[in-house]
Structure formats: C-alpha cells, structure tokens
Amino acid sequence: MPATPPSTLPHTRPATGPWAAVNVIAQMAFGLLAMTLCLPSMLSWGDSFGASQATVQLTFSAYLISYGGLQLLYGPLSDRYGRRRILLFGLALAGTGSLLAALTPNLGMLIVARALQGAGAAAGMVAGRASVQDLFEGPQRTRVMAYVGMAMGLCPPLGLILGGQLHVLLGWRANFVLMALLSLGLMVMAWRVMPPPSAPPARTHWFRALLSAYRTLLGDRAFVLSVAVVTLSTGSFYTFLSGAPLVLDSLGVGPDRVGWYIAAVPLSYIVGNYISSRIAHRLGDETMIRLGHVAAVLGIGLMLALGWAGLHHPLAFALPLALVGLGNGLLMPAALVRTVGLLPALAGAAAGAAGVMQQMMGALGGFAVGWVPHENVINLGLMMLTLTLGAVVAQAWLRYRQRRAPGRGAA
C-alpha cells in the first residue's frame with residue numbers, strides 16, 4: 001500500500017489582523033538578519049582566534065548549509081505537526097546557537113554555533129512562507145508576500161550597518177546576544193499570534209510522510225514549473241550580486257564605491273514589492289508575473305545594448321539593471337504564493353522545496369560567474385538573460401498547461 005500523504009492539519013484560520021502579517025514578516029526576515037549581522041565582525045575573527053581567513057569563512061558556510069538543508073525537513077514536519085510547534089522549536093534552536101556563539105572560547109565552537117543558528121532560523125523561512133497560505137486568502141496573500149519581499153530587501157544593508165555599529169561599540173559578541181534576544185521575542189510573538197493545529201498528526205511515520213510529500217510535489221508538473229519560475233529568477237539576481245563587483249572593477253569602480261552601484265538593484269526590488277502590494281489585487285498574480293518578466297528582460301536587454309554600443313560606464317551598467325530589481329519585485333510575491341498554494345495540504349513541504357531550490361540555483365549562478373571573464377558587461381548580461389528567459393519559458397509552459405486544463409495550476 002502506498003504511503004499515506006501527510007495530513008493537512010486543519011489550522012484554525014484566525015482573524016488576520018496586522019499582527020499576523022507582522023509575525024510572518026519577522027519570522028522570515030530573522031534568518032537573513034542572523035546571516036548578515038555578524039559579517040562585519042568576520043574580518044576580526046582571524047586575529048581573535050589565531051586562525052586563517054579561510055577557516056573563518058567556515059562560520060558562514062556552516063550557517064548557509066544548515067539554513068538551506070533543514071528547510072527540506074521543516075516543511076513536511078510543519079504540515080504534520082503544525083507551523084507553530086516547528087517554529088517554536090526552530091527559534092529555540094537558533095537562540096541556543098546564538099548564545100553559544102556569544103560565549104564561545106574558540107573558532108571551532110563558533111562554527112558549530114553558527115550551524116545551530118542556521119538550523120533554527122530555517123524554520124522561520126518555511127513556517128512563515130507556508131503561513132501566508134494558512135492565514136490569508138486571495139490577493140491578501142500576494143500583498144503580505146510583497147511586504148515580506150520589502151523586509152528581505154532591507155535586511156542585508158540593515159544587518160551590515162547594525163552589525164558593524166554593535167561590533168565597534170560593544171564587541172562582536174553583542175551581535176549574537178542581540179539575535180538570542182530577538183529569537184526569544186519572536187517565540188513569544190509566535191506563541192501568541194500563530195494558531196495551534198486543531199487535529200493530531202496522522203499515524204504515518206514522519207519520514208514516510210516526508211518522502212510521500214516530496215514525491216507528490218515532484219509529480220505535480222504545475223508545482224515544478226512554478227518553482228522553476230522562482231528559482232531561475234532568483235538565480236539571475238544572485239548571478240548579478242556575484243558578478244557585479246567584477247564588472248564594476250573592470251569599469252574602474254573601486255571597493256569604496258561598488259556598493260552604491262550594486263544598491264540600485266536591491267532598492268528597486270523593494271520598490272517592485274511595494275508596487276505589487278498596492279496593485280496585485282487589481283491586476284491579478286499572472287499579470288504581475290508577466291509585467292515582472294517584461295521589466296527584467298527589458299533591463300538586461302538595455303544593458304547589453306549599451307555594452308555592445310561601446311558605452312562602458314558604471315551607470316550604463318547599474319541603471320538598466322534597476323529594471324531587473326523592479327521586475328523581480330513585481331513577480332516574486334505572486335510566484336512565491338503560487339508555489340505554496342497549488343497543494344495547500346503540502347504548503348510546508350512546498351515552501352521547503354522552493355526555498356532550497358532558490359538557494360541552490362543562486363549558489364550555482366554565483367559559482368558560474370567565475371567560469372568566464374568579465375572585462376565588460378556582456379558575459380554577465382548574457383548569463384542573467386539566459387536564466388531570466390528560462391523563467392519566462394517556464395511561465396509560458398505553465399500557462400499553456402492551464403489553458404489545456406482550466407482550473408489546474410491556478411494560483
């Protein structure tokens with residue numbers, strides 16, 4: 001007999017006041033803030049612990065590996081045992097890792113502490129994204145996801161600025177104390193705001209249920225295509241982040257000015273999310289995704305046209321790509337909502353799978369940047385265009401399937 005799919009825990013759908021949205025945004029932003037807050041301090045850890053910078057980098061790698069990998073586990077478990085229970089466990093684990101990092105006497109323990117911190121923070125990304133499906137309805141889901149995108153766009157610069165200031169004023173350990181306090185505060189918020197599951201979990205063994213969930217998701221072509229739209233768009237964005245410093249260096253931009261040009265894309269991404277939050281309910285998710293793709297392709301195409309015309313200037317690189325950030329901001333909320341909304345009973349597993357695939361594609365895009373030279377904008381632009389057109393093709397294929405089978409695969 002085939003494994004029983006994980007039961008959907010009938011989550012009581014409470015009144016979705018502002019605190020419900022604040023909780024979802026805060027839980028999802030927590031992991032990104034924990035990732036970036038201590039980055040300014042990493043330059044000093046080599047001297048503090050008498051270690052090489054390569055060894056220090058393992059603290060960041062340990063966080064990313066556990067943060068990405070555990071999402072696959074938390075997703076089905078949150079479908080089975082409830083979002084709140086998994087989220088509370090994850091926040092407790094992240095808080096423990098943060099305290100260990102603040103008290104660590106050596107770099108080896110700091111690497112372990114960062115791995116624990118990432119393993120706990122992964123629960124917030126999965127439970128938060130799946131909770132958008134649980135707690136909100138219709139266009140409100142896209143609006144909340146747009147607010148999430150705005151917060152996620154602000155987290156990296158905010159984390160770097162705040163982390164650097166705490167490092168100077170109180171020392172690097174203060175960053176981890178802050179994250180421990182934030183995890184405690186988020187636990188209280190989750191306990192008060194998130195609804196408990198209203199039914200016990202199915203009797204099927206949790207690992208069998210996990211395999212069943214991912215087998216069901218991978219067998220659903222609409223889900224696979226929806227994830228492809230999200231991951232390929234994310235891959236283009238991460239490819240830009242990895243390759244932009246190299247391109248700007250070739251254009252004569254020094255390290256002190258690189259950030260100002262790169263910021264054009266994340267800032268326009270925030271603007272795109274804001275616009276999406278205001279108009280998605282009128283235009284619909286499919287239209288928002290289509291507009292986002294048009295803006296992204298137009299931006300990359302304009303940058304390439306200027307490069308081929310011989311206009312090699314930092315502004316000719318950064319300003320057209322602001323359209324890429326705007327386009328991703330327009331399409332990503334709707335595309336993310338669709339990934340968790342196609343099979344509501346498996347919203348947690350879907351959030352975990354989409355999250356891991358986003359990070360894998362982003363890592364692949366960043367790694368591929370090193371395969372080609374970047375004396376100008378052309379190679380980076382072609383890589384970004386290839387990934388973006390892949391997302392366009394996946395979206396077109398999905399729409400074709402929807403027309404052949406009306407009602408299936410709709411967001």
Under 3.5 Å, sequence neighbours excluded: what are the donor-acceptor pairs made by side chains of residues 176-191?
from, atom 1, to, atom 2, distance (Å)
Ser183, OG, Met179, O, 3.4
Ser183, OG, Ala180, O, 2.6

Name each donor-acceptor pair under 3.5 Å that joins a side chain in residues 309-320 to protein atoms two or more places apart or in another chain, with its distance.
from, atom 1, to, atom 2, distance (Å)
His313, ND1, Leu315, N, 3.0

Side-chain donor-acceptor contacts of residues 62-77 below 3.5 Å, not counting sequence neighbours, with atom names and distances?
from, atom 1, to, atom 2, distance (Å)
Tyr63, OH, Gly31, O, 2.5
Ser66, OG, Ala62, O, 3.0
Ser66, OG, Tyr63, O, 3.2
Ser66, OG, Ala115, O, 2.8
Ser66, OG, Ala119, N, 3.3
Gln71, NE2, Tyr67, O, 3.2
Tyr74, OH, Ala119, O, 2.7

List the steps, then state whether side-chain contact (heavy atoms from CB on, under 4.5 Å) holds for Met303 with Leu306.
-> CA-CA 5 Å; Met303 180 199 70; Leu306 292 175; 5.9 Å; no
Kindly determine whether Met384 and Leu321 satisfy side-chain contact (heavy atoms from CB on, under 4.5 Å), including the steps that lead there.
-> CA-CA 10 Å; Met384 295 176 63; Leu321 289 187; 4.0 Å; yes
In sequence, state the C-alpha distance, the side-chain angles, and the governing distance for Val229 and His293, and then conclude on side-chain contact (heavy atoms from CB on, under 4.5 Å).
-> CA-CA 10 Å; Val229 173; His293 281 151; 4.1 Å; yes
What's the verdict on side chain to side chain donor-acceptor pair (under 3.5 Å) for Gln117 and Ser98, showing C-alpha distance, side-chain angles and the deciding distance?
-> CA-CA 6 Å; Gln117 193 185 36; Ser98 299; 3.0 Å; yes
Given side chain to side chain donor-acceptor pair (under 3.5 Å), test Thr239 with Ser236 step by step and report yes or no.
-> CA-CA 5 Å; Thr239 299; Ser236 177; over 6 Å; no
Could you go step by step and tell me if Ser78 and Arg83 meet the side chain to side chain donor-acceptor pair (under 3.5 Å) rule?
-> CA-CA 5 Å; Ser78 74; Arg83 317 289 181 222; 2.9 Å; yes
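Thr55 places no side-chain N or O within donor-acceptor distance of the main-chain N or O of Ala51, the cut-off being under 3.5 Å. With hydrogens and angles ignored, the 3.5 Å screen pairs no side-chain donor or acceptor of Thr104 with any backbone N or O of Leu100. Under the 3.5 Å distance criterion, the side-chain polar atoms of Ser277 are matched with a main-chain donor or acceptor of Tyr274. Distance alone, capped at 3.5 Å, places no donor-acceptor pair between the Asn379 side chain and the Val372 backbone.
To the nearest 0.5 angstrom, Thr231 atom OG1 is 9.0 Å from Leu387 atom CG. Rounding to the nearest 0.5 Å gives a distance of 4.5 Å between CZ of Arg399 and CD of Glu286. The distance from atom CG of Leu37 to atom CZ of Phe30, rounded to the nearest 0.5 Å, is 10.0 Å. Note: Ile289 CD1 to Leu330 CG = 11.0 Å, rounded to the nearest 0.5 Å. Taking CE from Met28 and CG from Leu33, the interatomic distance works out to 14.5 Å, rounded to the nearest 0.5 Å. Atoms CG and OG1, on Leu331 and Thr388 in that order, are 9.0 Å from each other to the nearest 0.5 Å.
Under the 3.5 Å distance criterion, with hydrogens and angles disregarded, no donor-acceptor pair is assigned to the side chains of Arg114 and Thr59.
Put simply, the side chain of Val271 reaches to within 4.5 Å of the side chain of Leu326, judged on heavy atoms. With a 4.5 Å cut-off on side-chain heavy atoms, Thr234 and Met332 count as touching. Residues Met288 and Ile279 are in side-chain contact: their nearest non-hydrogen atoms beyond the backbone lie under 4.5 Å apart. You'll find the side chain of Asp285 stays beyond 4.5 Å of the side chain of Arg338, heavy atoms only. The closest side-chain heavy-atom distance from Leu91 to Gln27 is below 4.5 Å. In this structure, the side chains of Ser276 and Arg143 stay at 4.5 Å or more apart for every pair of heavy atoms. The side-chain heavy atoms of Cys38 and His167, taken from C-beta on, include no pair separated by under 4.5 Å. Contact check for Phe136 versus Ser131: no side-chain heavy atoms found under the 4.5 Å cut-off.
Nearest heavy atoms, Ser226 versus Leu342: OG-CD1, 3.5 Å. Residues Asn376 and Val247 come closest through the heavy atom pair O-CG2, 3.8 Å. The shortest non-hydrogen separation linking Ala335 to Val230 is CB-CG2, 3.6 Å. When every heavy atom of Gly97 is checked against every heavy atom of Ala113, the shortest pair comes out as O-CB, 3.4 Å. Taking both residues in full, the closest heavy atoms of Asn273 and Pro333 are given as OD1-CG, 3.2 Å, listed atom of the first, atom of the second, then distance. For the residue pair Val392 and Val297, the shortest heavy atom distance occurs at CG2-CG2, 4.3 Å.
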